[in-house]
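Below you'll find the structure, written out as structure tokens, and then a few comments.
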Number of protein chains: 2
Amino acid sequence: MIGSLTLDQLRVLVTIADTGSFSAAGRKLGRVQSAISQTIATLEDIQGVSLFDRSGYRPLLTDTGRVLVEQARLVLASAAKFEGVAMGVRQGLEPELVIAIDPLVPTAPFIESLSALSQTFPNLPVSFSTEGLGGSLRWLRRDSAAIGICLLLPSIPDDITAYPLLRVRMQAVVAPGHPLAKLGRTATPIDLEPHVQLVLSDPIDPGSANFGVSSARCWRFVDLSRRLDFLLSGFGWCRMPEHLVAELVTAGSLVPLHIENDPTPEEGLTIYAAHARNQPLGKAGQWLLDDLRRRLHS
Amino acid sequence: MIGSLTLDQLRVLVTIADTGSFSAAGRKLGRVQSAISQTIATLEDIQGVSLFDRSGYRPLLTDTGRVLVEQARLVLASAAKFEGVAMGVRQGLEPELVIAIDPLVPTAPFIESLSALSQTFPNLPVSFSTEGLGGSLRWLRRDSAAIGICLLLPSIPDDITAYPLLRVRMQAVVAPGHPLAKLGRTATPIDLEPHVQLVLSDPIDPGSANFGVSSARCWRFVDLSRRLDFLLSGFGWCRMPEHLVAELVTAGSLVPLHIENDPTPEEGLTIYAAHARNQPLGKAGQWLLDDLRRRLHS
DNA sequence: GCATATCAATCATAAAAAGCGATGGACTTG
DNA sequence: CAAGTCCATCGCTTTTTATGATTGATATGC
């Protein structure tokens with residue numbers, strides 16, 4: 001029952017639908033008409049449906065036939081993608097491109113490059129991984145991702161090649177109901193120390209990312225949106241990317257916090273495009289890297 | 001190049017990936033191991049890629065192989081859907097179910113039924129048509145749609161079977177800047193007459209739907225959202241389904257208009273599930289109709 | 001209206017493809 | 001180290017598929 005369907009049958013079916021006759025389909029496929037006729041006969045027989053109404057001069061698709069032709073097109077498109085991936089590999093493309101992207105990184109600046117990527121390599125499977133902080137680096141190192149778009153704090157590791165792309169300005173914020181919101185002046189370490197800081201941290205190695213930690217008590221989060229929930233409810237303070245909190249600050253849901261001698265650079269944290277040095281990029285990865293640098297590195 | 005790929009090759013490939021060895025795949029597929037071996041060999045040969053690393057005791061998928069196995073699963077799923085549709089037809093199901101739905105009809109009450117439909121008939125292709133007012137009736141009559149979810153004004157035509165499902169309360173509204181908004185009392189026909197009424201009408205037969213027309217000057221629209229643009233900008237007045245304007249009225253973007261002797265029934269316009277009498281419903285259509293009546297007809 | 005061309009179904013036959021079974025070299029397991 | 005399992009290869013058989021000719025039906029051109 002299942003298992004006897006053939007791609008060839010579907011190709012023949014679609015070709016008949018496109019050309020309008022069995023004979024024409026035969027010519028187009030380089031086969032004699034009787035072969036076409038038999039192929040469709042077996043297809044109809046096995047599937048137990050009638051695809052064409054043969055009462056007239058030319059065969060007419062039945063209602064069922066019309067629907068199944070559309071389904072067949074989907075199957076063939078899917079098969080073509082299979083062959084497309086294989087062809088890409090044959091021509092030296094990597095079989096897939098995995099991009100690790102940090103949660104702090106804004107998506108918008110990358111859309112253009114990624115859209116161009118998908119046009120240049122239409123059959124390349126692309127996937128994204130967003131783990132917590134430090135996740136990108138881990139994916140790069142175990143070769144699960146070819147390219148990382150990530151922070152590299154405190155500095156670029158030796159085994160990683162990285163190109164700066166853009167900077168994300170950070171803004172310390174707190175909910176309006178929080179004591180720090182009523183401070184009314186620049187906050188000193190003494191001010192911050194007693195309050196809970198909501199820290200984004202590496203889920204695997206929670207001790208690693210202590211950059212910018214000022215409070216004695218930290219609550220650690222892996223994902224940004226959950227941390228935001230706690231932030232908004234007044235649980236503690238933290239630094240957030242400006243692009244994510246600008247609206248909330250305007251709406252009054254969050255209040256900016258000015259910190260004395262803030263170690264976070266004024267001009268923002270640098271977002272890098274990175275890849276593992278010992279794992280050379282494939283064609284598509286190299287293309288994306290070049291395109292990103294061209295578009296973003298000013 | 002293209003055209004020699006076989007579903008059977010993909011089935012074999014996926015089976016190997018699932019079972020972990022050529023021999024096991026052979027057992028599972030009821031074939032001898034050498035057949036499996038040859039199938040994969042030709043697949044690799046034709047596609048020009050290496051799928052397995054045979055250096056060890058068991059064959060290991062290469063990176064390319066891993067990606068292509070996933071692609072192959074997609075192709076097979078697509079092929080299974082093809083066979084699923086065919087099986088449905090074989091068992092008496094209609095090949096597809098087209099539902100014509102009027103623009104005024106709220107979507108929310110139908111989601112449950114349609115979700116149940118897709119669970120009951122997972123391979124049934126379902127599509128929706130929303131034309132202007134009267135479009136549903138036209139689709140039903142020329143058998144382009146099996147079921148219509150629509151208004152039937154002024155009454156149910158003879159060639160249509162219709163079951164009332166729910167009622168949509170209508171609310172005459174106007175933008176706050178419009179003269180009628182400042183009337184401050186129930187509007188009489190004399191009040192309405194000089195102002196432009198924004199009428200939803202049948203794009204094919206513009207004269208047909210004059211139900212509820214009160215103004216001398218009408219602007220006719222086919223789709224609801226465009227009419228809403230004109231309404232919001234203060235161009236004229238019209239009746240809108242309550243569920244669509246409730247928020248806008250609350251926000252002050254629209255003002256309710258009370259009309260003397262409004263011919264629109266207080267309890268709302270009736271939404272029917274309808275089908276053409278001379279075109280009996282298929283199994284799935286009948287099922288949906290019954291389910292809709294069961295869930296909605298109170 | 002008649003001749004001619006084109007259409008699809010059918011059948012016997014030829015060609016191609018796919019599966020089978022046996023064999024051999026490689027690796028695992030106990 | 002022996003027994004068991006793995007995959008590649010090969011000759012052979014079976015099955016599948018395409019071909020080419022024929023027939024009956026429908027369209028097209030004169």
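Just so we're clear, the structure is a prediction, and the values are computed from it rather than from any experiment. Labels below follow one simple rule: chain letters A, B, ... track the order of the sequence lines, proteins then strands, and each chain is numbered from 1.
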Over all atoms of both residues, closest heavy-atom pair of L117(B) and A284(B): CD1-O, 4.0 Å

Of R58(A) and A41(A), the one whose closest DNA chain C nucleotide lies more 5': R58(A)

Intermediate values then yes/no, side-chain contact (heavy atoms from CB on, under 4.5 Å), R293(A) and L165(A): CA-CA 6 Å; R293(A) 294 178 66 193; L165(A) 292 182; 4.3 Å; yes

Separation of dA18(D) P from R27(A) CZ (nearest whole Å): 17 Å

Integer-rounded Å distance: dA22(C) C1' and Q33(B) CD: 11 Å

Nearest-Å distance for atom pair CG/P, residues L51(A) and dA9(C): 12 Å

Qualifying residue for side chain to side chain contact (heavy atoms under 4.5 Å, CB included) with Y163(B), from L289(B), I156(B), D290(B): L289(B)

base_contact_polar (dG19(C) base, S34(B) side chain, donor-acceptor, <3.5 Å): no

dT5(D) phosphate, OP1 or OP2, under 4.0 Å from S23(B) side-chain N/O: no

Side-chain N,O (S37(B)) to OP1/OP2 (dT9(D)) below 4.0 Å: no

Side-chain ion pair, E94(A) and R66(B), N-O less than 4.0 Å: no

DNA chain D: 5'-proximal contact among Y57(A) and I16(B) (nearest heavy atom): I16(B)

5'-most by nearest nucleotide on DNA chain C - A35(B) or P59(A): P59(A)

Short side-chain N/O contact to dG21(C) OP1/OP2 from R31(B), under 4.0 Å: no

Residue met sooner reading DNA chain D from 5', once F22(B) and S55(A) are mapped to nucleotides: F22(B)

Closest approach of I46(A) to R90(B) (non-hydrogen atoms, all atoms of both residues): O-NH1, 4.3 Å

Rounded distance (Å) that lies between atom P of dA9(C) and atom CD1 of I40(A): 9 Å

Side chain Q38(A) and base dA9(C) donor-acceptor under 3.5 Å: no

Sugar-phosphate only, base, or nothing, as touched by G20(A) at under 4.0 Å among non-hydrogen atoms: nothing

Integer-rounded Å distance: dG25(C) P and R54(B) CZ: 19 Å

Nearest-Å distance for atom pair CG/C1', residues D8(B) and dT17(D): 15 Å

